Amino acid sequence: MTYRYMKGTMSMRLRAITLLLVLLGSTAAAVTPAVAEAEKTVSFASAEDSYVSQAGPGKTHHTVTWLSVCTTPCDGAAASERGAFVRFDVKDVPANAVNVTMTLDVQSVRTTDTTLEVRPVKGEWTADSLTFDNRPALGEVITTHRA
């Protein structure tokens, strides 16, 4: 199954209702209860994005306008895994923001039953030098999406 993320933006909904905030793997921070505010959506463009391909382990893909994700075997070929890397510079989030959610829209280019996994990256990378051979290690699954 191949998925492509069209490079663009991600939306973040913010609502001040509860007392704890966990944002992008940071530690939970206590906040003072605030008067309930209207839900607010903030969008961030991706700061860097690329994908890696086992079929071209030394090749970079930072100049393409889409990202490709596929498990092995992909398109009937062994050793054909592809994985997407996307980084967002999240800023100007209100200090009292709670119930923070992130939405990343993905578009399937094929219709089959598959599950995508979202994982944090454990290491440094830049889009212009990222390859399958030098990709950083991945952390535990944060969430999944069944398509």
Side-chain angles (χ1 to χ4, degrees), residues 1-31 39-147:
M1 179 65 177
T2 301
Y3 282 88
R4 290 185 178 165
Y5 158 71
M6 302 306 290
K7 293 185 178 185
T9 61
M10 131 194 82
S11 296
M12 183 177 280
R13 294 182 183 167
L14 310 172
R15 190 170 27 161
I17 293 182
T18 63
L19 301 177
L20 297 177
L21 166 67
V22 177
L23 178 63
L24 298 178
S26 66
T27 58
V31 295
E39 190 171 283
K40 179 180 180 183
T41 299
V42 181
S43 294
F44 302 94
S46 58
E48 289 201 78
D49 46 36
S50 187
Y51 76 94
V52 297
S53 175
Q54 189 177 18
K59 184 178 178 183
T60 64
H61 301 278
H62 66 285
T63 60
V64 298
T65 58
W66 45 267
L67 301 176
S68 183
V69 178
C70 193
T71 58
T72 297
C74 182
D75 297 331
S80 55
E81 176 185 342
R82 292 191 296 264
F85 288 74
V86 183
R87 180 185 358 258
F88 296 94
D89 291 334
V90 178
K91 56 187 174 190
D92 300 326
V93 175
N96 64 343
V98 293
N99 291 341
V100 176
T101 61
M102 295 174 40
T103 304
L104 179 64
D105 294 324
V106 293
Q107 174 186 5
S108 174
V109 295
R110 295 192 181 100
T111 305
T112 63
D113 192 26
T114 194
T115 301
L116 297 175
E117 296 177 342
V118 176
R119 298 170 177 260
V121 173
K122 293 183 170 188
E124 299 296 318
W125 62 276
T126 61
D128 60 348
S129 64
L130 182 66
T131 68
F132 190 86
D133 285 343
N134 71 9
R135 70 195 186 281
L138 302 177
E140 295 298 316
V141 174
I142 295 172
T143 190
T144 60
H145 172 74
R146 190 135 182 105

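Just so you know, these numbers use all the heavy atoms, side chains as well, and skip hydrogens, waters and symmetry mates. Owing to the predicted nature of the structure, the values given are computational and were not obtained by experimental measurement.
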Flag side-chain contact, heavy atom, 4.5 Å: E48 against W125:
yes

Among V69, T144, I142, which residue satisfies the side-chain contact (heavy atoms from CB on, under 4.5 Å) criterion with E117?
T144

For the pair L138 and V121, evaluate side chain to side chain contact (heavy atoms under 4.5 Å, CB included) and give the outcome as yes or no after the intermediate values.
CA-CA 5 Å; L138 302 177; V121 173; 4.2 Å; yes

Is there a side chain to side chain donor-acceptor pair (under 3.5 Å) between R82 and S53? Walk through the geometry before answering.
CA-CA 4 Å; R82 292 191 296 264; S53 175; 5.1 Å; no

Atom CZ of F88 and atom OG of S43: how far apart are they, to the nearest 0.5 Å?
10.0 Å

Between CZ of F44 and CZ of R87, what distance do you get to the nearest 0.5 Å?
15.5 Å

Which heavy-atom pair separates Y51 from L67 by the least distance, and what is that distance?
N-CD2, 3.8 Å

Does R135 reach the side chain of L130, with side-chain heavy atoms less than 4.5 Å apart?
yes

Considering all heavy atoms, the nearest S129-N134 contact:
O-ND2, 2.9 Å

Nearest non-hydrogen partners of V52 and H61, listed with the distance:
CA-CD2, 4.2 Å

Please confirm whether the backbone N or O of A84 pairs with a side-chain atom of D49, one donor and one acceptor, at under 3.5 Å?
no

Smallest separation among heavy atoms of K122 and P136, with atom names:
O-CB, 4.1 Å

Answer yes or no: is there a side-chain heavy-atom contact under 4.5 Å between K59 and F132?
no

After noting the C-alpha distance and the side-chain angles of D133 and T131, does the key distance pass the side chain to side chain donor-acceptor pair (under 3.5 Å) rule?
CA-CA 5 Å; D133 285 343; T131 68; 5.3 Å; no

Where do V93 and V90 come nearest, in terms of heavy atoms and distance?
CG2-CG1, 3.5 Å

